[in-house]
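Here is the structure we will look at, set down as structure tokens.
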Amino acid sequence: MKSFKIYDTYTKNVTPFSPLNHPFVGIYICGPTVYGHPHLGHARGPVVFDVLHRYLKHLGYKVRFVRNVTDVGHLVNDADEGEDKIARKARVEQVEPMELAQFYTDSYHHMLDALNVLPASIEPRASGHIIEQIEMIQTIIDNGFAYESNGSVYFDVPGYSKTHDYGKLSGRVVEELIAGAGNEARELEGQDEKRNPADFALWKKAGPEHIMQWNSPWSRGFPGWHIECSAMSRKYLGETFDIHGGGMDLLFPHHESEIAQSMACSSHQPARYWMHHNMITVNGQKMAKSLNNGISIDEFFTGKHPLLEKAYSPMTLKFFILQAHYRGTLDFSNSALQASEKGFNRLITASQTLSNIKPSQDGKISIDSLRQACYDALNEDMNTPILIANLFEMVTLINQIASGQTAISEAALEELKSVYNTFVFDVLGLAFEEKSGHNDRIDGLMQLLIDMRNEAKAQKNYALSDSIRQKLAELGFEIKDGKEGTTYSIL
RNA sequence: GGUCGAAUGGCCGAGUGGCUAGGCAAAGCUCUGCAAAAGCUUCUACAGCGGUUCGAAUCCGCUUUCGACCUCCA
């Protein structure tokens, strides 16, 4: 059996995964900045890393999964100048900053619940770790890698890069960053506080317009962009932990700076593996606020957006995401979503079919190779599309058995049930969707109608039987006549 | 402008040198009172031009088109 391998962005190789302290695995994922409702693109990271979380658990690891909530520190403008994003929005909406952060954190959690994402072991907030951030900044200053300037503290990139490789993760050339390459066309405010344009803020002195501010040795202010993740991952996972994940757009400067901060603080690489998922695009372009092409999660689930032909369910979205490899871009389109919707239904219906299958003495089917193919797919850098392809092979097998075209032994059937349900529900984290609500009373009611229709059929009263079928279809119930009897599903 | 990446059948999307996924859509057949569901079958693609090789979607070069990052971003 192949071992679990993941693509490490830092070394740019697919490398075998082995945890620092077997069987424990520490994972840190950069969570959302809670200044707005989540959009479609925000769903990808949680879904991708949920599979990682679930698969590692399935493999027997004890996982501590940390996902932060950024409720301070991200600025509206570049160059470390400008208002805190959250504070700005709070002023606009006339509410407490923390009220706003809570509101959008809840919104984010609603999305996670809908997508059946496992809860994080720890979900730290940046605003709750100001002390840790200040301590870390002080250590970096003491170590000579940061300097104070007018109440703010900046990381000394040129100084750091004399002895360290700033830019390795994101493929930047540090000399060009130091020279300010790419900044020529931009008007950057407050660069005079910095010794070098490549330097980034660890602490910012707050002006009176900043609602969120804290005391520090340097000024009353707020922490910089990147220090929160370094401080919180360090606190909960240690100076070095196993996997750090996030979107590819965080590669630079966020993750690059995290590495620098950790190295400057403790001479340790923060993460042993860096995993980055790609973006969801709309018409080939990244979904982003600035492009005004964002579809909020709520709009997606209700279908209320000009780009949407209809509403799509959370599981359709999850399945859509999992049908592509996490490192490739994934382009949104209605036809692709509708294909995913049908594919997901096929997969989930097969699970129900499977539970009704009867084993046979002369069954010759073996699913050993299919099971192995499932593990191989995930072991090879979490290739969920190949895993799903293998699951569909099982679906065909399940349907063949159910229609009597082939037979399966009791032992093989148990194995098939175990493998299929494990991967569909436990590892991929897909779930039945209670559209109108399957329950005992509906089931009983439906059985009554099915019996009545079958009686009509037996009496060749097709007008009545077709009428029952038609009326049920109009109500969203699909009647399926199989060899083993009649079943129904809710559309 | 710099750095990096992508181009696969009607659509989505795997696949890194020979065995050429999977889903959706389409067509035919089986089953069915008729349907639906399900099964079987068919549709065999790799942007273009060169090169390497016995053999290339896969490696190399060039061209074209597109994208990401370089600024908050999942």
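Numbered from 1 within each chain, the chains take letters A, B, ... in sequence-line order.
Distance CG (A/N278) to P (B/G5): 13 Å, rounded to an integer number of Å. Put simply, CZ on A/F252 is 11 Å from C1' on B/U3, counting in whole angstrom units. What separates CD1 of A/I178 from C1' of B/C70 is a distance of 15 Å, to the nearest Å. Whole-Å rounding puts the A/L251 CG to B/G5 P distance at 12 Å.
With ring centers used as reference points, A/H42 lies 6.0 Å or more from A/H37.
If you check every strand for non-hydrogen atoms under 4.0 Å, A/E341 touches nothing. Residue contacts shown for A/G45 are absent, as no nucleic acid heavy atom lies under 4.0 Å away.
Considering only residues two or more places apart in sequence or on other chains, A/Y312 meets the side-chain hydrogen bond (donor to acceptor under 3.5 Å, both in side chains) condition with A/N334, A/Q338. When the ring pair (Phe, Tyr, Trp, His ring centres under 6.0 Å) test is applied to A/F425, the partners found at least two apart in sequence or on another chain are A/F432. Residues forming a ring pair (Phe, Tyr, Trp, His ring centres under 6.0 Å) with A/H226 (at least two apart in sequence, or on another chain): A/F200, A/H254.
With A/F49 as the aromatic partner, A/R67 does not meet the cation-pi criteria of under 6.0 angstrom to the ring centre and within 45 degrees of the ring axis.
Note on ring orientation: taking the six-membered ring where Trp is involved, the planes of A/F319 and A/F392 are perpendicular (angle over 60°, cut-offs 30° and 60°).
In RNA chain B, stems built from 3 or more consecutive Watson-Crick or G-U wobble pairs, each with both distances under 3.5 Å, span B:1-7 with B:64-70, B:10-12 with B:22-24, B:26-30 with B:38-42, B:47-51 with B:59-63.
Although no hydrogens or angles enter the test, the distance criterion places no donor-acceptor pair under 3.5 Å between the side chain of A/S161 and the main chain of A/H164.
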Tell me, for nucleotides 33-45 of chain B in 5' to 3' order, what letter each nucleotide earns: B for a base near a protein heavy atom under 4.0 Å, S for only sugar-phosphate near one, - for neither? BBBBSSSS-----
So which protein nitrogen or oxygen atoms get under 3.5 Å of nucleotides 10-14 of chain B's nitrogens or oxygens?
unit_1	atom_1	unit_2	atom_2	d
B/C11	O2'	A/S335	OG	3.2
B/G13	OP1	A/D331	N	3.3
B/G13	O2'	A/Q323	O	3.4
B/A14	OP1	A/H325	N	2.6
B/A14	O3'	A/N383	ND2	3.2

